[in-house]
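Inspection log for the structure reproduced underneath, given as structure tokens.
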Amino acid sequence: MNQDELKKAVGIKSVDFIQSNSVVGLGTGSTVYYMIEELGKRYQNGEIKNIVGVATSSRSQKQAESLGIPMKDLNEVDHIDLTIDGADQIDKNFQGIKGGGAAHLLEKMVATNSHKNIWIVDQSKLANELGSFPLPSEVIPFGCEKTFADLEAENLQPEFRLDENGKRVLTHNKNYVIDLKMGSIKHPHLLADWLDHQVGIVAHGLFLDLVNTIVVGYDDGPKVIECR
């Protein structure tokens with residue numbers, strides 16, 4: 001199977017975990033696209049009933065609404081039963097990097113308010129350790145050059161993310177993204193703690209100790225890995 005076929009297979013498989021009468025967090029990304037499409041089909045044919053979705057991006061929100069899935073804002077629900085999202089990289093300890101689509105702040109807010117999290121990826125996203133995929137940090141524009149300098153002083157190899165026109169990418173909340181291109185993250189928990197304490201950084205893309213189940217796309221079909 002090619003990469004798109006792998007993504008579609010795991011997206012479809014992940015919907016098996018969604019139960020009727022539940023609140024479901026809908027992630028963002030090319031793999032999640034297939035999950036939302038499949039969820040829409042099963043909702044429309046009555047296989048899955050009485051669900052509410054909470055989206056992590058306007059893209060996922062619009063897609064779900066177009067399929068007739070009832071949607072609410074995070075502020076409008078008291079819990080989320082299950083969130084299904086993608087990941088940009090997962091290490092051998094099931095820690096992850098997210099934010100390649102610049103939606104990691106909303107994704108982290110939904111994930112941390114969920115009883116259970118499932119990540120859906122193709123096998124190319126698995127790695128021995130994190131870091132070869134750049135680590136995103138969402139920063140507010142005010143004082144962003146100072147924030148950049150602090151990251152540079154720690155030798156974290158920061159780069160502002162630019163769009164196709166060479167302008168700084170804006171997140172959903174009109175913030176910038178600084179990607180940390182370290183190549184290797186030996187101690188993700190220590191780095192996450194340091195980033196959490198930097199004024200000006202709204203959210204970073206280290207998703208640690210969050211995922212419960214991973215659905216991985218292999219050539220011979222999806223494999224379900226229980227993490228915790």
Side-chain angles (χ1 to χ4, degrees), residues 1-14 17 25 27-35 56-57 83-108 110-112 114 116-138 151-152 154-161 169 171 177-196 198 201 203-228:
M1 291 190 286
N2 62 35
Q3 193 174 39
D4 283 340
E5 290 170 333
L6 293 174
K7 290 178 179 181
K8 184 175 182 179
V10 297
I12 292 173
K13 176 64 177 177
S14 68
F17 292 89
T28 301
S30 56
T31 308
V32 171
Y33 169 85
Y34 293 111
M35 180 273 290
T56 60
S57 69
T83 289
I84 302 178
D85 205 350
D88 295 302
Q89 191 166 59
I90 304 172
D91 73 6
K92 62 182 179 181
N93 299 311
F94 309 123
Q95 311 298 355
I97 288 179
K98 292 171 51 59
H104 54 284
L105 171 57
L106 304 189
E107 290 171 342
K108 188 172 282 189
V110 171
T112 54
S114 301
K116 184 175 182 180
N117 284 280
I118 294 176
W119 289 345
I120 53 177
V121 297
D122 64 81
Q123 58 185 322
S124 70
K125 303 299 176 65
L126 303 182
N128 190 48
E129 68 177 17
L130 301 177
S132 57
F133 188 92
L135 173 63
S137 290
E138 181 167 340
L151 295 168
E152 200 167 39
E154 292 295 320
N155 198 31
L156 299 180
Q157 309 301 316
E159 288 186 16
F160 280 102
R161 189 182 300 182
V169 166
T171 68
V177 176
I178 295 178
D179 290 314
L180 307 180
K181 300 187 174 183
M182 294 168 284
S184 174
I185 301 175
K186 299 296 184 185
H187 305 287
H189 287 85
L190 292 178
L191 177 59
D193 183 68
W194 186 85
L195 292 171
D196 285 340
Q198 302 312 300
I201 296 179
H204 57 77
L206 283 169
F207 280 58
L208 307 180
D209 306 320
L210 273 174
V211 69
N212 303 97
T213 305
I214 300 172
V215 184
V216 185
Y218 291 96
D219 289 334
D220 59 350
K223 178 181 178 182
V224 177
I225 301 172
E226 295 296 339
C227 309
R228 62 186 179 94

Looking at [X] and [Y], what are the two nearest heavy atoms and their distance?
X	Y	answer
Pro188	Leu206	O-CD1, 3.6 Å
Phe94	Trp119	O-CZ3, 4.0 Å
Met35	Ser14	CG-OG, 3.3 Å
Trp194	Leu156	CZ3-CD1, 3.7 Å

Measure the [atom1]-[atom2] distance between [X] and [Y] for me, rounded to the nearest 0.5 Å.
X	Y	atom1	atom2	result
Arg161	Ser137	CZ	OG	10.0 Å
Leu6	Tyr34	CG	OH	10.5 Å
Glu129	Gln95	CD	CD	13.0 Å
Leu208	Asn93	CG	CG	10.5 Å
Leu106	Glu138	CG	CD	7.5 Å
Lys108	Asp85	NZ	CG	12.5 Å

For [X] and [Y], indicate whether the former's side chain and the latter's backbone hold a donor-acceptor pair under 3.5 Å.
X	Y	value
Asn117	Asn212	no
Gln123	Val216	no
Asn128	Lys92	no
His204	Leu135	no
Asp88	Gly99	yes

Residues Asp196 and Gln198: side-chain donor-acceptor under 3.5 angstrom: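 Side-chain D/A pair, Asp196 to Gln198: absent.
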Phe160: partners by ring-ring contact (aromatic ring centres under 6.0 Å, His included), with sequence neighbours left out: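 Applying ring-ring contact (aromatic ring centres under 6.0 Å, His included) to Phe160 gives Phe148.
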Side chain to side chain donor-acceptor pair (under 3.5 Å) against Glu5, all qualifying residues, sequence neighbours excluded: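 In terms of side chain to side chain donor-acceptor pair (under 3.5 Å), with neighbours along the sequence ignored, Glu5 is linked to no residue.
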Pairing residues for Asp193 by the side chain to side chain contact (heavy atoms under 4.5 Å, CB included) criterion, not counting sequence neighbours: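 Asp193 satisfies side chain to side chain contact (heavy atoms under 4.5 Å, CB included) with His197 once adjacent residues are dropped.
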Member of Ile185, Ile97, Leu195 meeting the side-chain contact (heavy atoms from CB on, under 4.5 Å) criterion with Leu180: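 In the set Ile185, Ile97, Leu195, the residue that makes a side-chain contact (heavy atoms from CB on, under 4.5 Å) with Leu180 is Leu195.
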